[in-house]
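Atoms considered below: every heavy atom in the structure, side chains included; atoms not considered: hydrogens, waters and symmetry mates. Positions are given from 1, in the same order as the sequence printed here. The structure displayed is predicted, hence computed values, not measured ones. Every number for a ligand or one of its atoms is a count from 1 in the order of the listing.
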Amino acid sequence: MTDLQPQGSHFIGGRYVEDRAGAEIEVIYPATGAVIARLHAATPAIIGQAVAAAAAAQADWAAMTGTERGRVLRRAADLIRARNRDLSVLETHDTGKPLQETLVADAASGADALEYFGGLAGSLTGEHIPVGGGDFVYTTREPLGVCLGIGAWNYPTQIACWKAAPALACGNAMIFKPSETTPLCALKLAEILIEAGAPAGLFNVVQGYGETGAALTAHPGIAKVSLTGSVPTGRKVAAQAAGLMKHVTMELGGKSPLIVFEDADLESAISAAINGNFYSSGQICSNGTRVFVHRAIREAFLSRLTERLGHAVIGDPLDEATNFGPMTSAAQLEIALGYVAAGLAEGARLVTGGTRIDRPGFWMTPAVFADVTDDMRIAREEIFGPVMSVLDFEEEEDVITRANDTEFGLAGGVFTRDLARAHRVIGRIRAGSCYINTYNLTPVEAPFGGVKASGFGRENSREAINHYSEVKSVYVCLGKTEAAF
Ligand code: NAD
């Protein structure tokens, strides 16, 4: 096995743990198809051990001051930044994303989250509410207990940090179950948190497939589940958690609209369409995959877009010149190619790309479809691959209606130089994370999350605190208490 093989599949109670009775998980480097590590899914014994370790660590952690907790998180952020290159190389092996991306987008954004929530941890206070007669109510913000994070495979380090940082800042412990496709990165976060001074058991990593996620969700020791994944998985996890009356955050899929008016800065709009469809080979939940382009500029948009796609450097993800990598799994490659076939069958015009690249690993060229209509599958269903649909429009009112005609509501964007129009249009887009004259930026200071089938709850920003804590109110009576009899 390569040196990417971890010492054990799971990280529980401050150390690596193994139980070979669990089903095997092969970790595959998407750029070559080579197996780079072999892990085992959690057995019931591993799950029990993780919950017990987390519960034991949580009580003492919650009793620390917020400033003390924050110090640990900020130290972890510093360690991540100091090791950014090693962590980025690992992220590239786990996901196939080019090093050019992982060096700036993954461990870096994870460190931002740890730093931000580390800074907030000391300021999580309650309110004083006068209620008359000198009486008052005060509120406290309480941790939930042991929180479960379940990750998707596209951003394994970022997702682990976006969940762990607010959870730990609030005084919770966490068990994180990475995607079975990209199980390596979260283990490094677990190591780093220990090195930063987190108590053993505070952040645990448990590997497994969907059934491990379901077993953890069902465990009575788990208070909250935060899932990043697809809508079908979200429905299952939310239903299971609802039956057990557990808190949930659902960061799910999307089919977001990106609207380009005729007065837009064309080069910027094309940059946004490229970032919002082809960064991470299109495997981003908030991508603007329905690009509505005003008919007056459609051909100019398409020809310049095609020209710029000619500059995509597709190749070894570890070469920093590469800016377009493989799909993360063979299954996801087949899904994306299947949608290219569906687009052709339904009569869309394939302007460029969409072909399998004949080399080991999971490769295809970035695809752009024009003449896409609202009823086509490529315009309705989340593809989660590098397939852009360009649709025409002429009227503002019409494009707003069509942009909202989807079960999803994760993101949306508008490009125009007319600021009144920009705010008017974005104000009517039913989505959680919206953009004017840019796309897909997710700074930790801003809330991120969806509406409709794209989920509920928010990650990042102060908003996330509300989803990892609950408010207790205490009524304080200064006088006498009376009764009717
Ligand atoms: P997925 O839904 O297949 O799996 C997500 C996670 O859920 C995995 O860890 C999986 O093992 C686990 N899981 C599966 N079934 C489960 C069950 N019954 N109970 C508990 N856990 C279960 O998603 P994926 O293919 O890994 O990721 C792609 C999807 O994630 C896309 O739909 C994408 O839009 C979405 N996503 C959303 C965001 C966001 O922040 N909104 C970010 C990244 C990805």
Side-chain angles (χ1 to χ4, degrees), residues 23 25 39 41-42 47 94-95 97 105-106 109 113 148-163 175-183 185-186 205-219 222 225-244 246 248-256 276 279-289 327-336 381-385 407-411 431-433 440 442 446-460 464 467:
I25 299 173
L39 308 182
I47 290 175
D94 226 2
T95 62
K97 293 185 294 184
D106 293 280
S109 69
L148 169 63
I150 303 178
W153 41 258
N154 58 343
Y155 277 75
T157 303
Q158 183 187 80
I159 292 171
C161 290
W162 281 16
K163 296 189 189 308
I175 297 174
F176 187 78
K177 191 204 84 64
S179 164
E180 58 272 29
T181 310
T182 54
C185 295
V205 178
V206 167
Q207 309 288 357
Y209 298 91
E211 62 199 29
T212 302
L216 283 160
T217 303
H219 197 291
I222 298 289
V225 187
S226 175
L227 169 77
T228 297
S230 62
V231 173
T233 302
R235 288 191 209 284
K236 284 188 223 162
V237 176
Q240 196 186 8
L244 298 163
K246 296 185 180 188
V248 286
T249 293
M250 290 286 144
E251 290 292 347
L252 308 177
K255 190 76 197 178
S256 301
Y279 200 71
S280 302
S281 296
Q283 302 164 116
I284 296 184
C285 50
S286 49
N287 272 353
T289 45
M327 304 296 293
T328 295
S329 67
Q332 198 59 30
L333 172 65
E334 294 310 323
I335 289 170
E381 298 172 15
E382 183 183 45
I383 299 174
F384 219 60
E407 65 166 322
F408 301 106
L410 188 51
S433 299
N440 252 4
T442 53
F448 180 79
V451 303
K452 302 201 291 186
S454 293
F456 36 81
R458 291 291 176 270
E459 298 203 297
N460 290 341
H467 300 288

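- Inter-residue side-chain proximity for T289 and F384 is flagged as unmet; no heavy-atom pair is nearer than 4.5 Å.
- Compare I150, T328, L216 by their heavy atoms: the one nearest to atom 7 (O) of ligand 1 is in I150.
- Taking every heavy atom of G253 and a limit of under 4.0 angstrom, the matching atoms of ligand 1 come to 32 (O), 34 (O).
- A donor-acceptor pair shorter than 3.5 Å can be found between the side chains of T228 and K163.
- Ranking the protein heavy atoms by distance from atom 43 (C) of ligand 1 puts N154 ND2, 3.1 Å first.
- Contact of the F408 side chain with the E382 side chain is registered, since non-hydrogen atoms from C-beta on lie closer than 4.5 Å.
- A distance-only check finds a donor-acceptor pair linking the side chain of R458 to the backbone of G450 [under 3.5 Å].
- Contact annotation for L252 and ligand 1: only backbone heavy atoms (N, CA, C, O) come within less than 4.0 Å of the ligand.
- Among protein heavy atoms, atom 9 (O) of ligand 1 sits closest to G151 O, 2.7 Å.
- Close approach to F448 involves these atoms of ligand 1, each under 4.0 Å from a residue heavy atom: 40 (O).
- Proximity of T228 to ligand 1, defined as any heavy-atom pair under 4.0 Å, is shared by backbone and side chain alike.
- In this structure, the protein non-hydrogen atom closest to atom 27 (O) of ligand 1 is A152 CB, 3.3 Å.
- Heavy-atom separations between S179 and ligand 1 include at least one value shorter than 4.0 Å.
- Of the protein's non-hydrogen atoms, G229 O, 3.1 Å is the one closest to atom 35 (C) of ligand 1.
- The residue among A411, G208, S280, G213 with a heavy atom at the shortest distance from atom 21 (N) of ligand 1 is G213.
- Contacts between Q240 and ligand 1 below 4.0 angstrom, taking non-hydrogen atoms only, are absent altogether.
- Judged purely by atom type and a 3.5 angstrom limit, Q207 has no side-chain atom pairing as donor or acceptor with the backbone of K177.
- Judged by distance alone, the side chain of S179 and the main-chain N or O of T181 form a donor-acceptor pair under 3.5 Å.
- Under a 4.0 Å heavy-atom criterion, P178 is in contact with ligand 1.
- With rounding to the nearest 0.5 Å, the separation of CD1 in I284 from CG in L410 is 11.0 Å.
- Checked for salt-bridge contact, E381 and K255 miss the test: no charged N lies under 4.0 Å from a carboxylate O.
- For the pair E407 and R235, the salt-bridge criterion is met [side-chain N within less than 4.0 Å of a carboxylate O].
- Only the side chain of L410 comes within 4.0 Å of ligand 1, counting heavy atoms alone; its backbone N, CA, C and O stay farther away.
- At a 3.5 angstrom cut-off on N or O pairs, K177 counts as close to ligand 1.
- Shown in contact with Y209 at under 4.0 Å from a heavy atom are these atoms of ligand 1, numbered in order with element: 11 (O).
- A distance-only check finds a donor-acceptor pair linking the side chain of Q240 to the backbone of A214 [under 3.5 Å].
- Between Y155 and ligand 1 there is no heavy-atom distance shorter than 4.0 Å.
- Among pairs with a residue in residues 151-162, none fulfils salt bridge (charged side-chain N to carboxylate O under 4.0 Å, His left out), at least two apart in sequence or across chains.
- The shortest contact between atom 32 (O) of ligand 1 and any protein heavy atom is with E382 OE1, 2.6 Å.
- Among all protein heavy atoms, the one lying closest to atom 38 (C) of ligand 1 is C285 SG, 2.9 Å.
- Residue, atom and distance of the protein heavy atom nearest to atom 24 (P) of ligand 1 are W153 NE1, 3.3 Å.
- Side-chain atoms of L227 and E251, non-hydrogen and from C-beta on, never get closer than 4.5 Å to each other.
- Within the structure, every pair that satisfies the side chain to side chain donor-acceptor pair (under 3.5 Å) test and touches residues 149-161, not counting sequence neighbours, is listed here: E91-T157, S109-Q158, Y155-S280.
- The distance criterion of under 3.5 Å between nitrogen or oxygen atoms is not met by T217 with respect to ligand 1.
- At the shortest separation from atom 28 (C) of ligand 1 among protein heavy atoms lies F384 CE2, 3.5 Å.
- Backbone and side-chain nitrogen or oxygen atoms of G254 are examined, and none is located within less than 3.5 angstrom of a nitrogen or oxygen of ligand 1.
- Exactly one of T212, T217, L216 qualifies for a side-chain contact (heavy atoms from CB on, under 4.5 Å) with I150. That residue is T217.
- In this structure, I284 does not count as a contact residue of ligand 1, since none of its heavy atoms falls inside 4.0 Å of the ligand.
- Looking at V231 against ligand 1, nothing comes within 4.0 Å, counting heavy atoms.
- By the criterion of a heavy-atom distance under 4.0 Å, neither the backbone nor the side chain of E459 is placed next to ligand 1.
- Looking only at distances, no side-chain donor or acceptor of T249 sits under 3.5 Å from a matching main-chain atom of S226.
- In the vicinity of S230, heavy-atom distances shorter than 4.0 Å reach the ligand 1 atoms 1 (P), 2 (O), 23 (O), 29 (C), 30 (O), 32 (O).
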